[in-house]
Amino acid sequence: MAPTIRSPFRRTLALMASAAILAQAGVSGIAYAQTAPETTAPGVTAPAPATPTLPAPAAPQQTAPIQAAVPNNGPASVADLAEGLLDAVVNISTSQKVKDDEGAGPAPRAPDGSPFQEFFNDFFNKQPGNKGGNHNVSSLGSGFVIDPAGYIVTNNHVIEGADDIEINFANGSKLKAKLIGTDTKTDLSVLKVEPKTPLKSVRFGDSSTMRIGDWVMAIGNPFGFGGSVTVGIISGRGRNINAGPYDNFIQTDAAINKGNSGGPLFNMKGEVIGINTAIISPSGGSIGIGFSVPSELASGVVDQLREYGETRRGWLGVRIQPVTDDIADSLGLDTAKGALVAGVIKGGPVDDGSIKAGDVILKFDGKTVSEMRDLPRVVAESTVGKEVDVVVLRDGKEQTVKVKLGRLEDSDQAAASDDSAPDGSQDDGVIIPDPGENNDMDQPDSGDQAKPAPDTPDQHKGQVSPDVATPKNVLGLSLSLLSAETRKAFGIAESVDGVVVTEVTPGSASAEKGLKPGDVIVEVAQEFMKSPDAVAAKVQALKQEGRRNAQLMIAGANGDLRFVAVPME
């Protein structure tokens with residue numbers, strides 16, 4: 001019995017040993033084949049394997065030696081880049097005395113109506129304060145040194161309302177800082193410390209050359225953890241999050257959290273191409289959607305704050321609104337582009353007639369105006385008093401006009417905004433006479449800018465004499481002459497002239513465009529209208545020309561202007 005048990009065992013053991021020897025021979029053969037070319041002299045035949053009668057089976061031809069030769073170092077390290085930049089990034093702590101009913105410090109928020117209002121998070125939300133009189137609150141943010149002499153850039157909301165600002169450096173030293181200047185429209189501030197020795201600084205790069213997909217690195221003070229480095233890419237450009245009139249944010253997926261506000265966003269050359277300002281997050285932490293003020297916008301603001309302690313922006317003196325597809329069609333544009341001039345500010349830089357209501361601004365100082373919101377930014381970035389070329393579309397043709405810019409006075413503008421906005425609203429001097437239709441990039445009108453130019457012999461050429469008795473029905477609108485009675489009935493200012501809308505047919509194209517009784521048609525296709533018959537005749541002429549939309553200049557009761565393109569049925 002025992003032999004019959006041990007015999008299979010011995011055979012099995014022998015077979016296992018043979019397989020092991022053959023496997024080793026196969027592995028040795030692979031290793032030898034890889035190294036043989038390096039050890040065999042030219043013209044010398046390599047020795048045959050010791051066991052030529054036992055060729056290596058196919059199974060031992062494994063890939064393990066090849067896998068072992070593949071590097072396993074991971075992505076390229078940014079340690080060297082970060083090491084040279086950490087000392088220039090600082091932590092900023094502030095303190096402020098507040099009353100209990102004021103909460104625990106400044107709490108910036110997204111503007112009302114912002115699509116990101118629910119998730120907007122600018123890192124310094126209020127915390128419940130202690131009860132019982134005044135108390136001190138503190139907050140943390142980030143910044144970076146731009147001059148060895150001690151100039152530091154951060155966000156305005158990091159230091160807004162602070163009674164005391166302290167800068168904490170990477171080496172553990174601390175210095176008190178004073179505020180040099182701040183700009184609420186771009187949420188930027190410049191601080192100054194007095195160091196005993198020159199500080200490590202960084203410089204601005206050109207964010208306009210950065211492309212979606214380029215690597216970037218953020219350094220800051222998230223949740224109080226100073227010197228934190230995160231890496232990501234540029235996820236988007238030109239983002240508008242309704243945080244201000246000059247929104248042009250860089251979007252990145254580099255992790256940005258509370259406390260990163262005011263910190264730098266670097267390119268892979270170690271240049272600052274953005275200033276981290278906001279994130280979208282339902283949880284309060286990074287979900288990979290962060291926004292940075294681009295250096296192409298920030299660098300000019302910072303230079304002005306350093307030199308003047310304030311910003312000095314260019315002013316064109318026009319009211320503008322978007323060019324919609326319907327308006328583009330009515331003007332003969334192939335695509336919706338540019339900024340439509342809805343009105344000219346009386347006494348402003350272009351009140352000389354160089355730019356007129358109804359013009360579409362296509363280029364400003366050589367820069368293309370792709371959409372309405374591009375114009376306020378490029379004008380604001382321009383030098384006060386500079387003469388620039390402006391390309392406009394007027395009467396279906398492109399023209400170039402020269403304009404000398406004025407200066408946008410923020411304080412005067414804000415004060416005037418309170419007086420002129422019909423609903424009492426104010427948004428940093430950006431007036432919206434009719435929600436959803438207009439935007440004002442400069443100052444509000446005084447009211448009399450809506451008054452049409454005085455009649456000239458050829459201004460109303462070909463228009464039909466007014467028919468006082470019978471109102472006209474055009475485009476779903478009942479139209480009448482402006483009279484003392486209609487002005488009183490609809491509260492229309494004396495400065496407004498044109499043809500009054502008395503009724504709007506429900507469901508009509510005009511109703512869908514937001515026209516309402518009391519609106520005044522000032523122009524149709526850039527021709528002044530003084531009678532209902534004139535409106536009817538012009539609309540009929542446009543139909544005969546093959547136009548699909550009629551462009552109307554509409555004045556509100558208080559004189560605010562807007563353009564509306566109404567489809568002609």
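Computed from heavy atoms alone, side chains included, the values below leave out hydrogens, waters and symmetry copies.
- Interatomic distance, Asn155 CG to Ser189 OG, rounded to the nearest 0.5 Å: 7.5 Å.
- Salt-bridge formation is detected for the pair Arg407/Glu310: a Lys NZ or Arg NE/NH1/NH2 atom is positioned less than 4.0 Å from an Asp or Glu carboxylate oxygen.
- Environment of NZ in Lys200: crowded, with over 12 heavy atoms of neighbouring residues, nucleotides or ligands closer than 6.0 Å.
- When every heavy atom of Lys516 is checked against every heavy atom of Arg562, the shortest pair comes out as NZ-NH2, 4.4 Å.
- The existence of a salt bridge linking Glu523 and Lys356 is excluded, since no basic side-chain nitrogen approaches an acidic carboxylate oxygen closer than 4.0 Å.
- Rounding to the nearest 0.5 angstrom, the gap separating the CG atom in Asn267 from the CG atom in Asp214 is 8.5 Å.
- Asp352 and Lys404 are not joined by a salt bridge, as no carboxylate oxygen comes within less than 4.0 angstrom of a charged side-chain nitrogen.
- To the nearest 0.5 angstrom, Asp374 atom CG is 8.0 Å from Asn248 atom CG.
- Using a 4.0 Å cut-off between a side-chain N of Lys or Arg and a carboxylate O of Asp or Glu, Lys269 and Glu271 do not qualify as a salt bridge.
- For the pair Leu86 and Ala170, the tightest heavy-atom approach, listed with the atom from each and the gap, is O-CB, 4.0 Å.
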- Message: side-chain contact (heavy atoms from CB on, under 4.5 Å) for Ile275 and Phe144? Distances and angles first, verdict last.
- Response: CA-CA 9 Å; Ile275 301 171; Phe144 55 98; 3.9 Å; yes
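- Using a cut-off of 4.0 Å between Lys/Arg side-chain N and Asp/Glu carboxylate O, Asp560 and Arg319 are scored as salt-bridged.
- Without hydrogens or angle criteria, Ser295 side chain to Ser299 main chain gives no donor-acceptor distance under 3.5 Å.
- Formation of a donor-acceptor pair under 3.5 Å by the Asp253 side chain with backbone atoms of Ile233 is found in this model.
- Using a 4.5 Å heavy-atom threshold, the side chains of Phe364 and Ser382 count as touching.
- Atom CG of residue Asn276 and atom OG of residue Ser142 lie 8.0 Å apart, to the nearest 0.5 angstrom.
- A salt bridge between Lys513 and Asp519 is absent, with no side-chain N of the basic residue lying under 4.0 Å from a carboxylate O of the acidic one.
- For Arg237 (side chain) and Met210 (main-chain N/O), a donor-acceptor pair under 3.5 Å exists by modelled atom type.
- How far CG of Leu305 is from CD1 of Ile180: 9.5 Å, rounded to the nearest 0.5 Å.
- Glu381 CD to Asp365 CG: the interatomic distance, rounded to the nearest 0.5 Å, is 11.0 Å.
- Proximity of a side-chain donor or acceptor of Ser292 to a complementary backbone N or O of Pro294 within less than 3.5 Å is not detected.
- Under the 4.5 Å side-chain criterion, counting only non-hydrogen atoms from C-beta, Ser207 is in contact with Ile250.
- Side chain of Asn156 to backbone of Asp187: no donor-acceptor contact under 3.5 angstrom is found.
- Between the Asp351 side chain and the Gly348 main chain, no donor and acceptor come within less than 3.5 Å of each other.
- By the 6.0 Å and 45° rule, Arg306 stacks over the aromatic ring of Tyr151.
- The closest donor-acceptor contact from the side chain of Arg373 to the backbone of Asp247 lies under 3.5 Å.
- By the 6.0 Å contact criterion, NZ on Lys192 is enclosed, its count of non-hydrogen atoms from other residues, nucleotides or ligands being greater than 12.
- Across Ala255 and Asn260, no two heavy atoms sit closer than the pair O-OD1, 4.3 Å.
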